[in-house]
Each structure stands twice: as structure tokens, then as C-alpha cells.
Amino acid sequence: MPILTVAVVLVGLLCVLDLLLSFGIIRRLREQNETLKNVQQRAAAEPDIALPAGATIGDFSAATVGGVELSNADIEGSRALVGFFSPGCEPCKERMPQFIEYATRFDGKVVAIAAGSEEETADMVVRLGEVAEVILETDGGVVHKAFGASGYPALCLVDGDRTVLASGWEMSALPVPATL
């Protein structure tokens with residue numbers, strides 16, 4: 001009989017311990033849910049990094065680093081992939097190889113905007129120049145304004161009628177090239 005009593009007490013203690021751990025897990029899940037809600041609200045409140053899908057890009061005209069004049073008229077009639085990069089931007093350094101890979105598979109015009117001075121962007125211009133027409137521009141220049149670019153990296157996919165199909169700061173915001 002004493003063994004049975006000890007076993008019942010032990011099972012009771014294990015049940016109480018299990019109950020306490022369950023309450024702790026539930027409390028932790030509620031905290032995480034609250035944190036997730038706050039992050040989602042902040043993300044919804046932040047403006048888009050570029051014009052959202054469905055918007056029409058503005059007028060622009062700028063010279064590429066090769067001296068060719070490029071304007072919105074040059075991207076009409078075909079799809080265009082446009083990327084904005086800055087040399088001091090860590091996410092830009094991560095996204096640039098992805099952008100270059102995407103651009104090699106992209107069937108259309110590819111334009112890259114390097115924001116900064118010639119010295120700062122020299123390496124970036126060389127790397128992007130392999131797959132894109134590169135424009136060197138300061139933050140807030142005419143091309144930035146035409147695409148509503150407010151941060152880096154900003155990526156846009158534009159249709160032949162100057163309508164933004166997709167935009168964002170991650171490559172996942174753009175459709176897979178095979179589906180274009």
C-alpha cells in the first residue's frame with residue numbers, strides 16, 4: 001500500500017509540473033503572437049520601398065555610365081527589371097548577386113541604378129554593368145522619383161506600358177523568371 005501511495009503522489013506531482021509547463025508555453029505563445037502583431041502593424045504602416053504593383057512609373061531621363069541617354073520611352077513596349085543599389089547598404093550586397101542571376105535569366109531590358117559617387121560605386125557599376133544598363137545617380141534623383149524608390153535595395157518589374165508588375169526589397173517579391 002505505501003508503494004501505491006507514493007506512485008499516486010508522484011503521478012500527481014508530475015501532473016502539476018506538466019500543468020505549470022503548459023501554462024508557461026501558453027504564456028510564451030501569447031507573447032510571440034503579440035510581437036508578431038506589432039511587427040505586422042509596423043510593416044503595414046511603412047511606405048513601400050518603390051511604387052507598388054499597378055502603379056505607373058513617372059517620366060525620367062538619365063545618362064548611363066556608358067553615356068547613353070535612357071528614358072522611360074526606352075522601356076516602353078517590353079518588360080524591364082530595375083534595381084536600385086547603394087554601396088553602403090548591407091542588404092544591397094546580399095541582393096546584388098541574386099539580382100545579377102535573375103537578370104541573366106530575364107527576357108527584357110535590365111536597368112540598375114547605383115546611388116552614390118563614382119568612387120563609391122566603382123565596383124558595383126562593374127558588377128552590375130555585366131547584365132544591366134547602369135545609371136549613376138544620387139539618392140532622390142530623377143530615376144528614384146520616377147520609380148518611387150525610397151530605400152535600398154529597391155527592385156521593380158515593369159511591364160511594357162510602364163505599369164509596375166511587382167516591387168520590393170527582396171528578390172522573392174518578383175515573380176520567378178520562368179513565369180514571365
Side-chain angles (χ1 to χ4, degrees), residues 1-57 79-108 110-116 120-121 123-128 130-132 139-140 144-145 147-159 163-180:
M1 191 70 166
I3 294 175
L4 186 59
T5 305
V6 171
V8 170
V9 169
L10 188 59
V11 168
L13 289 174
L14 286 175
C15 287
V16 169
L17 179 63
D18 183 48
L19 188 61
L20 291 174
L21 290 174
S22 295
F23 283 140
I25 290 171
I26 290 170
R27 188 184 80 212
R28 185 63 160 251
L29 286 172
R30 285 184 180 160
E31 289 172 2
Q32 286 181 342
N33 191 29
E34 224 19 69
T35 303
L36 182 59
K37 277 186 196 175
N38 291 339
V39 168
Q40 288 173 336
Q41 288 172 348
R42 274 192 307 235
E46 290 178 8
D48 291 323
I49 200 158
L51 292 174
T56 303
I57 63 167
R79 291 179 185 226
L81 172 65
V82 182
F84 293 82
F85 300 94
S86 174
C89 160
E90 284 303 314
C92 292
K93 293 173 185 171
E94 295 171 15
R95 303 292 184 293
M96 194 180 318
Q98 298 168 357
F99 178 83
I100 291 169
E101 180 185 337
Y102 190 98
T104 59
R105 295 180 288 144
F106 181 72
D107 185 29
V110 181
V111 180
I113 295 81
E120 293 175 321
T121 60
D123 180 52
M124 185 179 287
V125 167
V126 170
R127 290 178 63 201
L128 290 169
E130 296 172 4
V131 295
D139 187 20
H144 280 76
K145 289 178 183 172
F147 286 87
S150 61
Y152 302 102
L155 309 164
C156 294
L157 184 61
V158 182
D159 204 351
T163 302
V164 176
L165 297 174
S167 67
W169 63 279
E170 290 190 287
M171 295 307 297
S172 62
L174 305 179
V176 177
T179 64
L180 295 175

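Numbering starts at 1 and runs along the sequence shown.
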Please report the shortest heavy-atom distance between [X] and [Y], naming the atom on each side.
{"X": "A115", "Y": "P87", "answer": "O-CD, 3.0 Å"}
{"X": "A154", "Y": "A50", "answer": "CB-CB, 4.3 Å"}
{"X": "F147", "Y": "C156", "answer": "CD2-SG, 4.1 Å"}
{"X": "G140", "Y": "K145", "answer": "O-CE, 3.1 Å"}
{"X": "I57", "Y": "V158", "answer": "CG2-CG2, 4.3 Å"}
{"X": "A114", "Y": "M124", "answer": "CB-SD, 4.0 Å"}

[atom1]/[X] to [atom2]/[Y] distance, rounded to the nearest 0.5 angstrom?
{"X": "Y102", "Y": "L157", "atom1": "OH", "atom2": "CG", "value": "5.0 Å"}
{"X": "L155", "Y": "M171", "atom1": "CG", "atom2": "CE", "value": "5.5 Å"}
{"X": "I25", "Y": "D18", "atom1": "CD1", "atom2": "CG", "value": "8.5 Å"}
{"X": "L36", "Y": "L29", "atom1": "CG", "atom2": "CG", "value": "11.5 Å"}
{"X": "L21", "Y": "L17", "atom1": "CG", "atom2": "CG", "value": "4.5 Å"}
{"X": "E101", "Y": "T104", "atom1": "CD", "atom2": "OG1", "value": "6.0 Å"}

With distance as the sole test, does T121 use its side chain to make a donor-acceptor pair with the main-chain N or O of G116 at under 3.5 Å? no
Kindly write out the residues that satisfy salt bridge (charged side-chain N to carboxylate O under 4.0 Å, His left out) with E31, not counting sequence neighbours, or none if the list is empty.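 Partners of E31 under the salt bridge (charged side-chain N to carboxylate O under 4.0 Å, His left out) test: R27.
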Please assess I49 against F84 for the test side chain to side chain contact (heavy atoms under 4.5 Å, CB included), listing each intermediate value before the final yes or no. CA-CA 10 Å; I49 200 158; F84 293 82; over 6 Å; no
Is there any salt bridge (charged side-chain N to carboxylate O under 4.0 Å, His left out) pair reaching into residues 81-96, and which pairs are they, with sequence neighbours excluded? E90-K93, R95-E170
Is it the case that more than 12 heavy atoms not belonging to I3 sit under 6.0 Å from its CD1 atom?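 Incorrect, the count does not exceed 12.
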Check against side chain to side chain contact (heavy atoms under 4.5 Å, CB included), R79 and D107: CA-CA 8 Å; R79 291 179 185 226; D107 185 29; over 6 Å; no
In chain order, what residues pass the ring-ring contact (aromatic ring centres under 6.0 Å, His included) check against F99, with sequence neighbours excluded?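 Partners of F99 under the ring-ring contact (aromatic ring centres under 6.0 Å, His included) test: F85.
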